[in-house]
Amino acid sequence: MLNRRSLLLAALGAALAAPALARNAAPSLMLADVYRPGMSLADYWVSEKYDGVRGYWDGKQLWTRGGEPVAAPAWFIASLPRQPLDGELWAGRGRFAHAVSTVRSQTPNDVAWREMRFMVFDMPAQPGDFTTRLAALRRLLPITDAPWVTLVPQERATTEAELQALLDKTVKMGGEGLVLHRGGSLYRGERNHDLLKFKPYDDAEARVVGHVTGKGRNSARLGALIVETPEGKRFRIGSGLTDADREHPPAIGSWVTYRFNGTNASGLPRFARFMRVREDAPHS
C-alpha cells in the first residue's frame, strides 16, 4: 500500500511540475525578461534566440504558447519522448513567416514541415535546476529517428564584453539575439530574471485597440495603430508599417510586436516601430 501511494504521489508531483494545460488554456511557460549591460552574469548559460514559434510538447501533443494545438505531421512527433519539452518551432534565420504559416495551418503541409526544426531548450517537468535539466536533455537528444528535434547549444556566459561580441556575431549571421538562462533556476511558469533575452534593440508586445486613418499618401488607409500594453498604457505606432500593413491592418484585438529605444518618463516606449503581428501567442 505504501509503495502504491508513493508511486501515486510521485506521478502527481510530476504532473504538477509540468505546465498545466486545461482545455483552451495556454501552457504556463517560463518567459524571458530583458538583459541590461551591467547585470551579473554569474551562473548563466547563453544560447541563440531563435525567431520562430514557441512550441510546448506535453508528451502527447504540440501546443503554441497561446494554447493552440499544433497540427504537425505524424512523422514529425512520432519519436518525441513522453516527457514535456519546451522549445522553438523554427525554420531558420530570417524565416519567421514560414514558421508561422506552417505552424498555424490546421492541414499539415508536409513539404513545409520538412523545413522545420524543433529547437529544444528545456524539460519543464524534469526535477532539478536548469544545469541539471540541461544535462538530462543532453542525454536525451539527439534522437536518431528525429534529426529535426535539436538540442539548443548552450555555453557559459563569461564577461560582458564577450557576451556583446557574441551578440554582434549572431546578429551579423542573421540571428535575432541571445538568451541567458540561470543555471541554478527552477522551471517557473512566469516572466522572471532567471531567463533573459539580449537583443540589439528592445521589443515588446501590445494589443491593437484602434486604427487611425492616415494623411497625405496614406489618407485612404491606415496611418497608425493605437495599441495597449499588458499594463494598460496606450500609445500609437505609425512607423515600421509596410504598404501591405496599411492596406490590411492588424485586426482590433490582435497582438503585435514592436521595437523601441527605451522608455520616457511616463513609461511609454520611445520611437516605437511596428515589427509584425504576433500570431502564435498572446503577450503572456
Side-chain angles (χ1 to χ4, degrees), residues 13-22 25-58 63-67 83-88 119-137 151-158 160 163-164 166-167 170 176-207 229-233 255 257-260 262-263 267 269 278 280-284:
L16 291 174
L21 196 60
S28 181
L29 301 180
M30 198 166 181
L31 303 175
D33 214 321
V34 177
Y35 170 80
R36 302 293 183 192
M39 295 176 68
S40 173
L41 293 174
D43 194 35
Y44 275 95
W45 294 88
V46 62
S47 63
E48 180 173 344
K49 185 181 188 304
Y50 297 97
D51 192 16
V53 179
R54 186 76 172 266
Y56 169 61
W57 170 253
D58 67 3
W63 303 86
T64 69
R65 195 178 87 182
Q83 61 262 54
L85 300 175
D86 191 2
E88 197 85 359
M119 307 298 293
V120 181
F121 47 72
D122 212 335
M123 297 178 70
Q126 180 71 23
D129 60 19
F130 178 67
T131 298
T132 302
R133 300 195 303 274
L134 178 59
L137 262 179
L151 173 63
V152 170
Q154 302 277 353
E155 60 184 278
R156 280 294 190 179
T158 51
E160 186 175 312
L163 188 68
Q164 182 64 54
L166 181 58
L167 174 66
T170 302
E176 184 185 26
L178 303 176
V179 173
L180 292 90
H181 203 144
R182 191 170 69 82
S185 64
L186 299 178
Y187 195 100
R188 294 185 288 154
E190 61 183 21
R191 194 177 302 278
N192 59 73
H193 275 64
D194 289 335
L195 190 65
L196 301 168
K197 56 185 177 181
F198 185 28
K199 300 181 181 182
Y201 54 82
D202 293 311
D203 68 3
E205 295 170 350
R207 184 169 57 90
T229 70
E231 296 74 31
K233 295 183 177 182
W255 287 86
T257 301
Y258 62 94
R259 295 184 182 188
F260 62 103
T263 57
R278 195 69 202 184
D280 63 312
H283 75 278
S284 59

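These values consider heavy atoms only, across backbone and side chains, with no hydrogens, waters or symmetry-generated copies.
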S.K.: Ignoring hydrogens and angles, tell me if any N or O in the side chain of Asp194 forms a donor-acceptor pair with the backbone of Ser185 under 3.5 Å.
M.R.: no

S.K.: Could you go through Leu134 and Thr131, starting from their C-alpha distance and side-chain angles, then the distance that decides it, and tell me whether this counts as side chain to side chain contact (heavy atoms under 4.5 Å, CB included)?
M.R.: CA-CA 5 Å; Leu134 178 59; Thr131 298; 5.6 Å; no

S.K.: Heavy atoms only: give me the nearest Val34-Met39 pair and the separation to one decimal.
M.R.: O-SD, 3.8 Å

S.K.: Would you please name every residue forming a side-chain contact (heavy atoms from CB on, under 4.5 Å) with Thr229, sequence neighbours left out?
M.R.: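 Listed in chain order: Glu231, Lys233, Phe235, Tyr258.
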
S.K.: Under 6.0 Å from the six-membered ring centre of Trp45 and within 45° of its axis: does the NZ or CZ of Arg156 meet both?
M.R.: yes

S.K.: Under a 4.0 Å threshold between the charged nitrogen and the carboxylate oxygen, would Arg65 count as salt-bridged to Glu205?
M.R.: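 Result for this pair is yes, salt bridge flagged.
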
S.K.: CE of Met119 to CG of Leu85: how many Å apart, nearest 0.5 Å?
M.R.: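 If I round to the nearest 0.5 Å, the distance is 13.0 Å.
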
S.K.: Can you tell me how far CD of Glu176 sits from CG of Leu167, rounded to the nearest 0.5 angstrom?
M.R.: 10.5 Å

S.K.: With Tyr35, which residues qualify under ring pair (Phe, Tyr, Trp, His ring centres under 6.0 Å), at least two apart?
M.R.: Phe198

S.K.: Considering non-hydrogen atoms only, spot the tightest contact between Leu180 and Leu163 and give its length.
M.R.: CD2-CD2, 3.9 Å

S.K.: Give me the atom names and distance for the closest heavy-atom approach of Pro124 to Tyr56.
M.R.: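 Closest approach of Pro124 to Tyr56, heavy atoms only: CG-CE1, 4.2 Å.
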
S.K.: Measure the CG-CG distance between Asp129 and Asp43 for me, rounded to the nearest 0.5 Å.
M.R.: 7.5 Å

S.K.: Does Tyr187 use its side chain to pair, donor to acceptor, with the backbone of Met30 at less than 3.5 Å?
M.R.: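 At least one qualifying donor-acceptor pair exists.
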
S.K.: Working to the nearest 0.5 angstrom, can you tell me the gap between Gln83 CD and Met123 CE?
M.R.: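 The distance works out to 4.0 Å.
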
S.K.: Under the salt bridge (charged side-chain N to carboxylate O under 4.0 Å, His left out) test against Asp203, which residue among Lys197, Arg259, Lys49, Arg278 passes?
M.R.: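 Testing Asp203 for a salt bridge (charged side-chain N to carboxylate O under 4.0 Å, His left out) against Lys197, Arg259, Lys49, Arg278 leaves exactly one candidate, Lys197.
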
S.K.: Please report the closest heavy-atom contact between Val152 and Ser47, naming both atoms and the distance.
M.R.: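 Closest approach of Val152 to Ser47, heavy atoms only: CG1-CB, 3.6 Å.
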
S.K.: Can you tell me how far OG1 of Thr170 sits from CG of Leu178, rounded to the nearest 0.5 angstrom?
M.R.: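 The CG atom of Leu178 sits 4.5 Å away from the OG1 atom of Thr170.
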
S.K.: Between the main-chain N or O of Gly262 and the side-chain N or O of Asp202, is there a donor-acceptor pair closer than 3.5 Å?
M.R.: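 The answer is yes, because a donor-acceptor pair under 3.5 Å joins these two groups.
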
S.K.: In chain order, what residues pass the ring pair (Phe, Tyr, Trp, His ring centres under 6.0 Å) check against Phe121, with sequence neighbours excluded?
M.R.: none

S.K.: Taking Glu88's backbone N and O only, do any of them form a donor-acceptor pair with Arg54's side chain (distance below 3.5 Å, no angle check)?
M.R.: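 Here the side-chain-to-backbone pair does not exist.
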
S.K.: Measure the spacing between OG of Ser40 and CZ of Arg182 and express it to the nearest 0.5 Å.
M.R.: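 These two atoms lie 10.0 Å from each other.
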
